[in-house]
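What follows is one structure encoded as structure tokens, with my remarks underneath.
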Amino acid sequence: MAIKFERVSFQYRGIDEKGYLALADINLSIAAKGEFITLIGETGSGKSTLAQHMNALLTPTEGRVHVFGVKLTSDKKKNRRQRLNPIRQRVGLVFQFPEYQLFEETVLKDIIFGPKNFGVGQDEAVERAKKMIKVVGLDESYLERSPFNLSGGEKKRVSIAGILAMEPEILILDEPTSGLDPMGRNALLEVFHNIHEQLGKTVVIITHDMNTVYEYAKRVLVLREGALVYDGDPSGLFSRKHVEDWNLELPEILRIQRALEERFGIKLDKSPRSRKELIEALGEVVG
Ligand SMILES: Nc1ncnc2c1ncn2[C@@H]1O[C@H](COP(=O)(O)OP(=O)(O)O)[C@@H](O)[C@H]1O
Ligand SMILES: [Mg+2]
């Protein structure tokens with residue numbers, strides 16, 4: 001396993017002595033290839049904290065995290081003695097707030113910062129920047145602009161391009177589509193989907209959007225108050241019990257499918273995950 005959590009807890013040190021328990025006793029394994037995972041949970045449930053443990057930006061206060069063979073514990077000295085840089089390149093994390101990642105005077109400099117930091121030469125880094133700015137749906141003219149004059153959605157895309165340019169093996173995206181319009185959101189999700197499908201990379205997306213969970217994820221993780229309460233496939237997640245207990249919103253496709261059943265007695269043979277699949281499944285029933 002590329003990433004393995006063993007009984008991981010994490011406490012933020014607060015102003016008072018007690019601190020705040022953000023992760024509680026988490027066990028979790030993530031493979032280096034072939035996974036498409038969504039991580040969901042209410043605001044404050046620990047999603048960003050969990051993501052930052054996956055590339056050793058944070059290290060546990062209890063338990064162990066293994067990332068590509070490096071073992072991280074509460075022993076800060078031991079953690080520092082290990083080579084953490086390679087981990088940060090191999091597990092790319094796009095922050096929830098792009099401002100954390102953008103600080104250079106041009107978009108180009110921001111995108112090449114990561115790859116150059118990990119030993120990629122200037123020319124190759126610039127080539128990657130030109131490629132990745134297009135991958136995230138912007139054109140080359142953006143490379144000379146200041147990241148500070150971009151819209152929220154554009155900043156987000158630039159920060160994603162910067163991580164893609166490091167060519168990580170595992171890609172973790174903390175709410176990558178929040179604040180984007182539906183078109184931009186779908187386009188970016190297709191980008192992540194292609195990275196997963198064509199390159200076989202493991203992708204982990206933190207999201208509040210149940211449609212994303214249902215259409216794209218092969219596996220869903222649910223955090224509640226720092227505890228991992230669900231680790232399984234998306235269809236199991238939307239069983240009546242979980243939906244009620246965890247106050248989940250149903251994905252659009254599932255809502256339509258259930259309405260078809262209850263109101264018109266139309267039972268689909270398949271479980272469609274997208275609008276396209278829903279229309280195909282309906283077509284088969286209608287004949
Ligand atoms: N730097 C910090 N210091 C103290 N508490 C923090 C810090 N960052 C986050 N927290 C707290 O830890 C909990 C989990 O935060 P976070 O991982 O950001 O949740 P999520 O990403 O699910 O919204 C929250 O209650 C939050 O207030
Ligand atoms: Mg967060």
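Atoms within a ligand are numbered from 1 in the order they appear, just like the ligands themselves. Just so you know, residue 1 is the first one in the sequence shown, and it goes up from there.
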* Taking the inter-plane angle between the rings of F5 and H53 on a 0 to 90° scale, is it parallel (under 30°), tilted (30 to 60°) or perpendicular (over 60°)? -> tilted
* Backbone or side chain, does Q96 get an N/O/S atom under 2.8 Å to the Mg ion (ligand 2)? -> yes
* Aromatic ring proximity Y216/F192, centre distance under 6.0 Å -> no
* Asked: Looking only at distance, does G44 have an N or O less than 3.5 Å from an N or O of ligand 1?
  -> yes
* Less than 4.0 Å between atom 26 (C) of ligand 1 and some protein heavy atom, yes or no? -> no
* Could you give me the CA-CA distance, side-chain angles and deciding distance for H66 and M1, then say whether side-chain contact (heavy atoms from CB on, under 4.5 Å) is met? => CA-CA 9 Å; H66 305 262; M1 280 297 155; over 6 Å; no
* Using 30° and 60° as the class limits, which term best fits the ring planes of H193 and H196: parallel, tilted or perpendicular? -> tilted
* Asked: Can you tell me which residue and heavy atom of the protein come closest to atom 17 (O) of ligand 1, and the distance to 0.1 Å?
  -> T49 OG1, 2.5 Å
* Within-cutoff protein neighbour (heavy atom, under 4.0 Å) for atom 5 (N) of ligand 1 -> yes
* To do: Could you tell me whether E124 and R128 have a side-chain N and a carboxylate O separated by less than 4.0 Å?
  => yes
* Is the distance between the Mg ion (ligand 2) and the nearest N/O/S atom of T49 smaller than 2.8 Å? -> no
* Got an N/O contact under 3.5 Å between S45 and ligand 1? -> yes
